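Written below as structure tokens is the structure these notes are about.
Hydrogens, waters and symmetry mates play no part in the numbers below; they use all other heavy atoms, side chains included. As the structure is a computational prediction, the values presented were derived from the model and not from experiment.
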Amino acid sequence: TGTATVCTDVNTTLLTLNGYTGNVVSWQSSSSAAFTSATPIANTATTYSATNLTATTYYRAVVNNGACTNYSDTAAVFVDPASVGGTAAPASSTVCTGTNTTTINLSGQTGTVVKWQSSSASDFSTDLQDIANTTTSLTAQNLTATTYYRAVVQSGVCAPAYSSTATVNVSSQPVGGAVSGSATICSGSNSGLLTLNGHSGGTISKWQSSAASNFATATDIANTSTTYTSGALTATTYFRAVIVNGACTSFSDAATITVDPTSLGGTVSGGTTVCATSNSVTVRLTGSVGSIQWQSSANGSSWSAISGATSATYTAPSLSSSTYYRARVKSGVCDSLFSNVVTATVNSASVGGSITGSATVCTGTNTTALTLNGITGSVVKWQSSSSSSFASATDIANTTNTYTAQNLSATTYYRAVVKSGVCASANSGIGTVTVDPASVGGSIAGSKTVCASGNSSTLTLSEIGRAHV
């Protein structure tokens, strides 16, 4: 009797022989239950102590009774290998406080996992907590402080062993602070100085920029200082700093650099020529970028803003003199630019003036010089008519201010047609050349002879043409 299970190396098992007949000659041991290879043991007692075994061993006693030799039943001493705690990996990991997950795996152990343990102390001297987990994998979750873990492994009857320690370091959440320096700039300028303030509990690992305020797509900037100035920007951009403490990451509040597009003056159309009497001029701006302010000038060099004229089109009230127009365009904080200049040319109303030189002439060979005075515009032509109403007028190809009427045989009326630019033409006052018929002497009737002493005679004049004076 005495079959037992022991732990390797240091062990003692007492075997006792019972129920035999004869004399104990010796004992035998073997590594196999069949004793295919037996080792004799010089022991004739009924007991035997097996000590410090490192492998399972089988024992029996050899008993002689006269000429007969028999073996006792076999007793086995089963040897369990020493417990080996193995290695818990990773040996060290770092997580951020709060919501976190760390998986620890055990390898190289001998025996089975009895449980896991955790502690806030690296030597497991305080706050020791048993964890009911007999697998080789442990998941630690949502830690708020650095915690140490180990597995308890036991091989058979051997004393349990501890695995190596796995440390889960817990980082505290840093304070991200805020970036100051938000500004509005013109396209092509840099951000100006951005400064991180109020961060704590960590270090600046980098800065980031993004076209979106939620940083859905962020571009890393290799900058670990508290200040940053960007290069030239062409679109609104958001900037923030990334603060790291161990496994924890915090983002600062972002600064916004709003980018206004560069001002474009655009092109103005609508330059025209109008008449001063009644007119309407509309100018239009296209291709501009920025807010619009129309300006006008009487000379093209001294400009004044037109109150309320801020749309892409501007219609001027009736103009009495030529005026220049342009648009001043300003995009946000960008410098103003001006459009091209167009001119609304105003022509004075046509004034026909008056004709001097009216005269009375004798029919036939005659010459009368007529002169046009006090006109506004240019002489388009002269006209003549036999009636002062010019019901039927004859055009005269003459664009000068004088006209000579010759060899008239009937009274004739003259006028000039004057036109100022695009204005309607105007007729001058009328010049009249009155034509008298030629003088005719006529004949006298009533000739007779009378007595000298006393007589009387009547003579009669017959005339053609004008009456005698």
Side-chain angles (χ1 to χ4, degrees), residues 7-9 80-179 196 198-208 215 218-226 228 240-253:
C7 188
T8 188
D9 290 332
D80 290 331
S83 301
V84 176
T87 302
S92 179
S93 59
T94 303
V95 298
C96 187
T97 186
T99 302
N100 52 70
T101 299
T102 303
T103 299
I104 303 170
N105 294 305
L106 180 66
S107 63
Q109 77 278 9
T110 299
T112 58
V113 177
V114 179
K115 59 186 174 183
W116 288 74
Q117 292 179 326
S118 68
S119 176
S120 59
S122 61
D123 61 358
F124 290 83
S125 60
T126 59
D127 190 29
L128 181 64
Q129 302 290 327
D130 287 338
I131 301 170
N133 178 16
T134 58
T135 70
T136 57
S137 180
L138 174 70
T139 299
Q141 292 182 310
N142 305 331
L143 300 180
T144 57
T146 295
T147 305
Y148 302 89
Y149 293 91
R150 68 184 180 186
V152 180
V153 179
Q154 185 170 23
S155 174
V157 298
C158 296
Y162 299 110
S163 69
S164 63
T165 301
T167 304
V168 181
N169 299 290
V170 178
S171 304
S172 60
Q173 191 75 45
V175 176
V179 175
L196 175 64
H199 67 291
S200 62
T203 58
I204 302 169
S205 67
K206 60 187 173 183
W207 286 60
Q208 290 181 326
F215 285 79
T219 300
D220 289 342
I221 301 169
N223 178 37
T224 58
S225 72
T226 57
Y228 175 70
R240 70 182 181 185
V242 181
I243 312 302
V244 172
N245 178 37
C248 293
T249 298
S250 293
F251 301 103
S252 69
D253 292 339

Passes side-chain contact (heavy atoms from CB on, under 4.5 Å), Thr139 versus Thr101? Steps please. CA-CA 7 Å; Thr139 299; Thr101 299; 3.5 Å; yes
Just verifying a value: how many Å separate Thr147 OG1 and Asn169 CG, rounded to the nearest 0.5 Å? 9.5 Å
Is there a donor-acceptor contact under 3.5 Å linking the side chains of Ser119 and Asp127? no
Measure from the side-chain N and O atoms of Thr146 to the backbone N and O of Val170, and report whether any donor-acceptor pair falls under 3.5 Å. yes
Non-hydrogen side-chain atoms of Ser172 and Asn245 separated by less than 4.5 Å: yes
Would the distance check show the side chain of Asn100 and the main-chain N or O of Leu143 forming a donor-acceptor pair, the cut-off being under 3.5 Å? yes
I'd like to check Val152 versus Tyr162 (side-chain heavy atoms, cut-off strictly below 4.5 Å). Are they in contact? yes
Search all heavy atoms of Val244 against all heavy atoms of Ser205 and return the closest pair with its distance. CG2-OG, 3.5 Å
Which atoms form the tightest heavy-atom contact between Thr136 and Gln109, and what is the distance? CG2-NE2, 3.5 Å
For Ser164 and Ala88 the tightest heavy-atom approach is OG-N, 2.9 Å
With distance as the sole test, does Ser83 use its side chain to make a donor-acceptor pair with the main-chain N or O of Ala159 at under 3.5 Å? yes
Calculate, to the nearest 0.5 Å, the distance between atoms OH and OG belonging to Tyr148 and Ser118 respectively. 12.5 Å
Student check: side-chain heavy atoms of His199 and Val175 closer than 4.5 Å: no
Got a donor-acceptor contact below 3.5 angstrom from the Ser250 side chain to the Pro174 backbone? yes
Enter the distance from Lys206:NZ to Thr249:OG1 here, rounded to the nearest 0.5 Å. 8.0 Å
Please report the shortest heavy-atom distance between Leu106 and Ala151, naming the atom on each side. CD2-CB, 3.8 Å
For a quick test of reading the model, state the closest non-hydrogen atom pair linking Leu196 to Gly176 and the distance between them. CD1-O, 3.5 Å
Heavy atoms of Val179 and Ser252 approach each other most closely as CG2-OG, 3.3 Å
To the nearest 0.5 Å, tell me how far Asp80 CG sits from Ser155 OG. 5.0 Å
Side-chain (Asn133) to main-chain (Lys115) donor-acceptor, under 3.5 angstrom: no
Measure the CD-OG1 distance between Gln208 and Thr219 for me, rounded to the nearest 0.5 Å. 8.5 Å
Please round to the nearest 0.5 Å and tell me the distance separating atom CH2 of Trp116 and atom CD1 of Ile104. 6.0 Å
Apply side-chain contact (heavy atoms from CB on, under 4.5 Å) to Ile243 and Phe251, showing your working. CA-CA 6 Å; Ile243 312 302; Phe251 301 103; over 6 Å; no
Given the rule in the side-chain contact (heavy atoms from CB on, under 4.5 Å) test, do Val95 and Val168 qualify, once you have shown the distances and angles that lead to the verdict? CA-CA 7 Å; Val95 298; Val168 181; 3.9 Å; yes
